[in-house]
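Note: hydrogens, waters and symmetry copies are ignored here, and every other heavy atom, side chains too, is used. It should be emphasised that the depicted structure is a prediction, and the values quoted were computed from it without experimental measurement. Here is the naming used below: chain letters follow the sequence lines, and residue numbers restart at 1 for every chain.
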Number of protein chains: 2
Amino acid sequence: MARVADQLIETLRNEIRSGALRPGDQLEEAALAERFDVSRTPVREAVRSLVDSGLLETRPRKGAFVRVLTAKELIDLFEVAAELEGMACRLAAERLTGEDASSIETAMQLCRDAVNRDDKTAYAKANLAFHESIHLAAGNSRLVEQIEQLAGHINPYRAMPFQMRGRLQKSTEEHARIAEAILENKGAEADDLMRDHMMLQGQRLPIILEAIESR
Amino acid sequence: MARVADQLIETLRNEIRSGALRPGDQLEEAALAERFDVSRTPVREAVRSLVDSGLLETRPRKGAFVRVLTAKELIDLFEVAAELEGMACRLAAERLTGEDASSIETAMQLCRDAVNRDDKTAYAKANLAFHESIHLAAGNSRLVEQIEQLAGHINPYRAMPFQMRGRLQKSTEEHARIAEAILENKGAEADDLMRDHMMLQGQRLPIILEAIESR
DNA sequence: TAAGACTTATATGTATACATATAGGTAATT
DNA sequence: AATTACCTATATGTATACATATAAGTCTTA
C-alpha cells in the first residue's frame, strides 16, 4: 500500500463515505493532482478504480462525479444487501462455533450499553461490530466481500443523521431477537428477522432521498 | 468504448472466460503492450481494472496472473451465487408480468429443444437465456449485476466440459419445476428450487478442481 | 438581438522517460 | 560444494509530454 494511487483511493473513499464528498460533487483530475501534490497518473488510476467500483461516475467530457443513485437503484441495493445479511445470519446459525457465539453476545452487549447511555457514536460502532460478528460466523468470505461492497454504496446516503426517536431502542430489540435465533441455531428464523430488520432501514429511504434532493 | 484500455479489458476478460487464459497464467505488461501494439499505459490500466474486479491477482514484484481460486473460495462463490439466483426467482415470482412469463416460457422451451436434439452448445445458450429471463423478471438491476459479477469468476472453472451423462436432462427438469413455481407466483418455492439446482452444480466442484490441479 | 462560425479551455487518452526496489541469477570466496 | 556478496533484468510506480475531441464561451454578421 505504498502507492500514492492506493492512498488516494482510500482517502477519496473515506471522504465519500463520511459525506465530505457528496453525491454529485465533481472530482477534477488536475485539482486532485495539485491538492495531493502528485501527477495526474496516480490520480487517474484512483479515479478509474473508483469508477470501476461504482462509487464515481464519469460524464463524458465533463469529468468524474460522486455517483448519484436514483431512488430505484438505492432500493435495489438495499434489497440485495438485506438478502445477503439474512443469508449471513442463516449460515451463522448453521455453522456457529462457541467462539462465534461469544463474539456475537459481546457485540450485542455493546449495543445495549450504547443504547442505555444513549451514545449514538458508540451505538454506530457497536452496531457495526454486531453485524461483523455475524459475518465472521457465517464463514463465507465472499459473502462478506459482497456485503461490504454494497455497504460502501449505501453509506454515502447514511451520512446524514436520521436517527428517529426510539429507533435505536427498536433496532437493538431486533438485534436481540436475531442474535437469539442464531445462538439457538434457528437459521431460517434468523434469516427472516435480519431481512425484516434491514428492510425497516430501507423504508426510511424515501425520507433520506428527499433530504438529499432538497439540499 | 473507443479506449484501447477498454478493448484490452474486454479481450482479456473473454480470454479468461473462454479458457484461453487459464488460472495461474501470467500476464506480462510489456508482452501485452507489444502484442496489441500499444504503450504500457492502457495495458496497465486494463490490468489494474481486472485486478480490482478480482479476475487477476498481482504477486508483488512478480507480475499479474489470472487469479487462482482455492476450493474454499470457489465454494463460497457458489454459495453466494446460489443465494442470489434463488432471490431472483423469489422476486420474479412476486413481480411477474405477462411479458416476463412468456420470456421465461420461451427460454424454457429452447432448453427442452436443445436437450431433445442433444445439442450442448444450444443448451448452454438456452440455459443462459433461461436464467436471464428470470433475472429480468426479478426487476432488480443491482441483483443482476451482482450475479453477473459472480458468474464472471465462476466461468473460468467451467471452461472444461463436464457434462455428466443425463445431467442435461435432469437440469432441464429442475428448470421446468422452477419455471412452474415462478409462473404460479410461488416465490418461496422457486427460491428453494433454484438454490438446490445451483448447489447441485456446486457439488461438481471437487471434480472440477481436481481436474484443474492435475493439468 | 439572434444565429452561426470560431476559439479556447478542458477532459481524455496515450506514449515515453525516469526512478526505485527486488527476485533471481552470477560470481567470488571459503 | 555451499554460502555470501554482487549484479542485472524486471516489475512497478510516477512524471511529463503530446494529441485529440468537444463543451462552452466569444465574436461576427445579418
Checklist entry - B:E73 and A:R142: salt bridge (charged side-chain N to carboxylate O under 4.0 Å, His left out), yes or no, with the steps? => result CA-CA 7 Å; B:E73 287 171 325; A:R142 167 68 59 164; over 6 Å; no
Could you tell me how far apart [X] ([atom1]) and [N] ([atom2]) are, to the nearest whole angstrom?
| X | N | atom1 | atom2 | result |
| --- | --- | --- | --- | --- |
| A:E34 | D:dT14 | CD | C1' | 18 Å |
| A:L32 | C:dA11 | CG | C1' | 14 Å |
| B:R44 | D:dT14 | CZ | P | 8 Å |
| A:F65 | C:dA11 | CZ | C1' | 11 Å |
| B:L8 | C:dT14 | CG | P | 8 Å |
| A:E45 | D:dT12 | CD | P | 12 Å |

Tell me which donor-acceptor pairs under 3.5 Å the side chains of residues 79-87 of chain A have, and how far apart each pair is, sequence neighbours excluded?
residue	atom	partner	partner atom	Å
A:E79	OE1	B:R95	NH1	3.4
A:E79	OE1	B:R95	NH2	3.4
A:E79	OE1	B:N140	ND2	2.8
A:E79	OE2	B:R95	NH2	2.4
A:E83	OE1	B:R90	NH1	3.2
A:E83	OE1	B:R90	NH2	2.7
A:E83	OE2	B:R90	NH1	3.3
A:E85	OE1	A:H131	ND1	3.4
A:E85	OE1	A:H135	NE2	2.8
A:E85	OE2	A:H135	NE2	3.4

Checklist entry - Using a cut-off of 4.0 Å on non-hydrogen atoms, how would the nucleic acid contact of B:R59 be classed: base, sugar-phosphate, or nothing? => result sugar-phosphate
Next on the checklist: Within the 4.0 Å heavy-atom criterion, would you say B:E28 contacts the bases, only the backbone, or no part of the nucleic acid?
Outcome noted: sugar-phosphate
Item to check | A:R48 with B:D6: basic N within carboxylate O range, under 4.0 Å | outcome: yes
Checklist entry - Is B:T41 near enough to C:dT14 that one of its side-chain N or O atoms lies under 4.0 angstrom from OP1 or OP2? => result no
Item to check | Residue whose closest nucleotide on DNA chain D lies nearer the 5' end, A:P42 versus B:Q26 | outcome: B:Q26
Checklist outcome for this item: For nucleotides 18-25 of chain D, 5' to 3', base contacts (B), sugar-phosphate-only contacts (S) and non-contacts (-) with protein non-hydrogen atoms under 4.0 Å give ---BSSS-
Checklist entry - Any idea which of D:dT14, C:dA11, D:dT12 is nearest the B:E29 side chain? => result D:dT12
Checklist entry - So, do A:Q201 and A:S171 sit near enough that their side-chain heavy atoms are less than 4.5 Å apart? => result yes
Checklist entry - What pairs with A:E15 under salt bridge (charged side-chain N to carboxylate O under 4.0 Å, His left out), at least two apart in sequence or on another chain? => result A:R35
Item to check | Of A:E34, A:E45, A:E29, the residue whose pairing with A:R40 passes side-chain hydrogen bond (donor to acceptor under 3.5 Å, both in side chains) | outcome: A:E29
